[in-house]
*Asks:* 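One structure follows; several queries about it will come next.
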Amino acid sequence: MYAWSNPWFRRSVLGLVALAAFTLLVGFVWLPSVHADFSAKGIWDSICRAAGMPSQWSGAVTPPKASAGTTNVVLTRDMTRPGAGDSVGRGATIAVQQCSMCHGAQGMSEANAPNLAGQYPEVVIKQLHDYKHGARSSAFMQTIAQKLTDKDIQDLASYYDSLPKARAATVRGDEPGAPALVRVGDPLRNIVPCVSCHGGIDHKIGTPWLEGMPKEYLLSQLKGFASGARRNDSFAQMRNVVRPMTADEINSVAEFYARREPVAGVR
Ligand code: HEC
Ligand code: HEC
């Protein structure tokens, strides 16, 4: 071929090829590799990433890891029903041996641990799995949950569900004296009212019963969601609610839901 034997032509073609190879390397290998989330296995993945394809298509599906501090529990309707057979009795036996010293003989904590009496079963199940797998941290609870089997967790949830709730009535959407954030939220700051998930207007699956909890406990959890120290709430539901709130607002909603101290002269 005449053109190929011409050294100028040869040089410019080889130059173009080299330039193209260099650009591909920079664009698909070097640039993506300096991103913190670089996970591509080979150039094909890089090309798919660069073209904006979801990583599932390129075959790189990794199972979610709970150790990242977020939950991997998927809530199902089954979890909202107590276990069959002697589930409650077996749960009571484990509770007396391992839980009542902190959560109270009848699931009503004398200290600042959360009440478990009447807590929704799917909440107890989810939280115990989250402690067990490190998605929610607490030195005590992680150690204790590690030793519980799935059946133990189910039975404990059935037992606590069978006990009367701390305060018989849910906070209602229109309860007099309820802070505005509890009743109507704040649409301008995207704060959804507490009663639309925690009961009052609606109870969403996996949302804990708060009424009558120790104030210190409620405060510590709200602060944990605000700082991100607690981040096992699915879809960041609580973190989104709490982040725009001021310290005073957090304090007043905690006080409202908490076990209320008797006020002198009022019966
Ligand atoms: C040494 C005291 C202690 C013991 C014993 C203990 N807990 Fe706890 N538990 C706590 C504390 C404190 C918390 C709150 C920790 C936090 O801040 O996350 C907690 C949290 C929980 C929660 C989360 C509740 C919620 O509303 O989110 C569940 C569920 C729970 N414990 C169940 C149990 C069960 C079941 C047992 C027995 C197998 C048990 N705990 C034994 C102290 C204890
Ligand atoms: C969009 C629904 C939603 C709204 C609105 C919401 N919450 Fe929650 N909240 C949740 C869910 C879900 C959880 C359980 C998170 C988990 O799985 O760990 C939770 C957990 C909590 C906890 C921790 C309780 C425990 O025992 O672990 C507190 C305290 C709390 N919410 C208070 C509030 C307050 C106060 C408001 C209103 C200012 C509010 N929440 C509004 C969904 C909501």
Side-chain angles (χ1 to χ4, degrees), residues 70-71 73 75 91-104 107 109 111-132 135-149 152-157 159-160 166 171 178-186 189-211 213-226 229-245 249-258:
T70 49
T71 190
V73 176
L75 293 161
T93 310
I94 305 174
V96 168
Q97 290 163 352
Q98 301 183 37
C99 324
S100 52
M101 55 284 223
C102 297
H103 291 283
S109 167
N112 282 332
N115 301 328
L116 298 177
Q119 187 55 274
Y120 300 103
E122 84 276 10
V123 168
V124 173
I125 293 173
K126 176 180 184 291
Q127 298 305 322
L128 288 175
H129 279 290
D130 281 350
Y131 286 126
K132 184 170 174 171
R136 180 173 173 187
S137 52
S138 153
F140 291 139
M141 283 310 303
Q142 283 180 265
T143 315
I144 290 160
Q146 224 113 69
K147 289 179 250 143
L148 300 172
T149 64
D152 294 342
I153 290 178
Q154 168 70 70
D155 295 348
L156 284 159
Y159 166 65
Y160 283 116
V171 166
L181 287 178
V182 171
R183 290 180 288 113
V184 290
D186 183 354
R189 286 184 293 163
N190 265 328
I191 304 178
V192 182
C194 319
V195 291
S196 64
C197 294
H198 284 276
I201 292 176
D202 193 6
H203 173 250
K204 300 265 165 64
I205 186 170
T207 309
W209 175 268
L210 300 178
E211 286 87 340
M213 287 274 196
K215 182 182 171 192
E216 277 313 307
Y217 172 71
L218 293 177
L219 259 187
S220 71
Q221 300 308 305
L222 292 171
K223 288 179 180 163
F225 285 125
R230 177 172 172 185
R231 50 184 187 281
N232 67 322
D233 50 332
S234 317
F235 312 112
Q237 295 177 88
M238 274 311 297
R239 280 169 287 168
N240 291 337
V241 166
V242 170
R243 219 175 274 127
M245 288 170 63
E249 288 170 332
I250 288 181
N251 196 59
S252 77
V253 293
E255 188 154 288
F256 175 74
Y257 273 109

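As the structure lists them, so they are numbered: ligands from 1, and atoms in each ligand from 1. Owing to the predicted nature of the structure, the values given are computational and were not obtained by experimental measurement. Side chains included, hydrogens not; waters and symmetry mates left out as well; all remaining heavy atoms used.
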*Asks:* Do Y131 and ligand 1 have an N or O pair less than 3.5 Å apart?
*Replies:* yes

*Asks:* Just wondering, do N240 and N190 contact through their side chains at under 4.5 Å, heavy atoms?
*Replies:* no

*Asks:* Enumerate the atoms of ligand 2 whose separation from the nearest heavy atom of K126 is less than 4.0 angstrom.
*Replies:* 16 (C), 17 (O), 18 (O)

*Asks:* Is there at least one pair of N or O atoms, one from Q221 and one from ligand 2, spaced under 3.5 Å apart?
*Replies:* no

*Asks:* Report yes or no: does V182 have a heavy atom closer than 4.0 Å to ligand 2?
*Replies:* no

*Asks:* Considering only non-hydrogen protein atoms, determine which one is nearest to atom 15 (C) of ligand 2 and report residue, atom name and distance to 0.1 Å.
*Replies:* D233 CB, 3.6 Å

*Asks:* Between V241 and ligand 2, which part of the residue brings a heavy atom under 4.0 Å of the ligand: side chain, backbone, both or neither?
*Replies:* side chain

*Asks:* Among all protein non-hydrogen atoms, which one is nearest to atom 26 (O) of ligand 1, and what is the separation to 0.1 Å?
*Replies:* Y217 OH, 3.4 Å

*Asks:* Is it true that I94 lies under 4.0 Å from ligand 1, counting heavy atoms only?
*Replies:* no

*Asks:* Using a 4.0 Å cutoff against the non-hydrogen atoms of Q127, which atoms of ligand 2 qualify?
*Replies:* 16 (C), 17 (O), 18 (O)

*Asks:* I'd like to check which ligand 2 atoms, numbered from 1 as shown, lie under 4.0 Å from a non-hydrogen atom of P193.
*Replies:* 5 (C)

*Asks:* What part of V253, side chain from CB on, backbone N/CA/C/O, both or neither, has a heavy atom under 4.0 Å from ligand 2?
*Replies:* side chain

*Asks:* Pairs of nitrogen or oxygen atoms closer than 3.5 Å, one from N232 and one from ligand 2: do any exist?
*Replies:* yes

*Asks:* Out of curiosity, is Q237 lining ligand 2, as in a heavy atom under 4.0 Å away?
*Replies:* yes

*Asks:* Do me a favour and list the nearest non-hydrogen protein atom to atom 31 (N) of ligand 2 with residue, atom name and distance?
*Replies:* H198 NE2, 2.9 Å

*Asks:* Of all the atoms in ligand 1, which lie at a distance below 4.0 Å from a heavy atom belonging to M213?
*Replies:* 26 (O)

*Asks:* What part of I191 sits under 4.0 Å from ligand 2 if we count only heavy atoms: the side chain, the backbone, both or neither?
*Replies:* neither

*Asks:* Please confirm whether the backbone N or O of I125 pairs with a side-chain atom of Q154, one donor and one acceptor, at under 3.5 Å?
*Replies:* no

*Asks:* If the cut-off is 4.0 Å to any non-hydrogen atom of V192, which atoms of ligand 2 fall inside it?
*Replies:* 5 (C)

*Asks:* Can you sort out which atoms of ligand 1 are near R136, meaning under 4.0 Å from one of its heavy atoms?
*Replies:* 16 (C), 18 (O), 23 (C), 25 (C), 27 (O)

*Asks:* Can you name the one residue among K126, Q221, R239 that meets side chain to side chain donor-acceptor pair (under 3.5 Å) with D233?
*Replies:* R239

*Asks:* Does R230, backbone or side chain, put an N or O under 3.5 Å from an N or O of ligand 2?
*Replies:* yes

*Asks:* Could you tell me how the ring of H198 sits relative to the ring of Y257: parallel (under 30°), tilted (30 to 60°) or perpendicular (over 60°)?
*Replies:* tilted

*Asks:* Quick check for you: to the nearest 0.5 Å, what is the distance between L222 atom CG and R230 atom CZ?
*Replies:* 9.5 Å

*Asks:* For ligand 2, which atoms have a heavy atom of L218 less than 4.0 angstrom away?
*Replies:* 29 (C)

*Asks:* What part of L210 sits under 4.0 Å from ligand 2 if we count only heavy atoms: the side chain, the backbone, both or neither?
*Replies:* side chain

*Asks:* For atom 13 (C) of ligand 2, which candidate among A135, P208, S234, A180 provides the closest heavy atom?
*Replies:* P208

*Asks:* Quick one: pull up CD in Q98 and CD1 in I144 and give me the separation to the nearest 0.5 Å.
*Replies:* 7.5 Å

*Asks:* Based purely on interatomic distance, does N115 place a nitrogen or oxygen under 3.5 Å from a nitrogen or oxygen of ligand 1?
*Replies:* no

*Asks:* Leaving waters out, which protein N, O or S atoms fall under 2.8 Å from atom 8 (Fe) of ligand 1?
*Replies:* H103 NE2, M141 SD

*Asks:* Please report which non-hydrogen protein atom sits nearest to atom 5 (C) of ligand 1, along with the residue it belongs to and the distance in Å to one decimal place.
*Replies:* Q98 O, 3.2 Å

*Asks:* Identify, for atom 38 (C) of ligand 2, the protein heavy atom at the shortest distance, and state residue, atom and that distance.
*Replies:* C194 SG, 2.6 Å

*Asks:* Give the numbers and elements of all ligand 2 atoms closer than 4.0 Å to a heavy atom of C197.
*Replies:* 1 (C), 2 (C), 3 (C), 4 (C), 5 (C), 42 (C), 43 (C)

*Asks:* Determine, considering heavy atoms only, which of H203, M245, M238, R239 sits nearest to atom 20 (C) of ligand 2.
*Replies:* M238

*Asks:* For K223, is the NZ atom crowded, meaning more than 12 foreign heavy atoms sit under 6.0 Å from it?
*Replies:* no

*Asks:* For atom 22 (C) of ligand 2, find the nearest protein heavy atom and state the residue, atom name and distance (0.1 Å precision).
*Replies:* F225 CE1, 3.8 Å

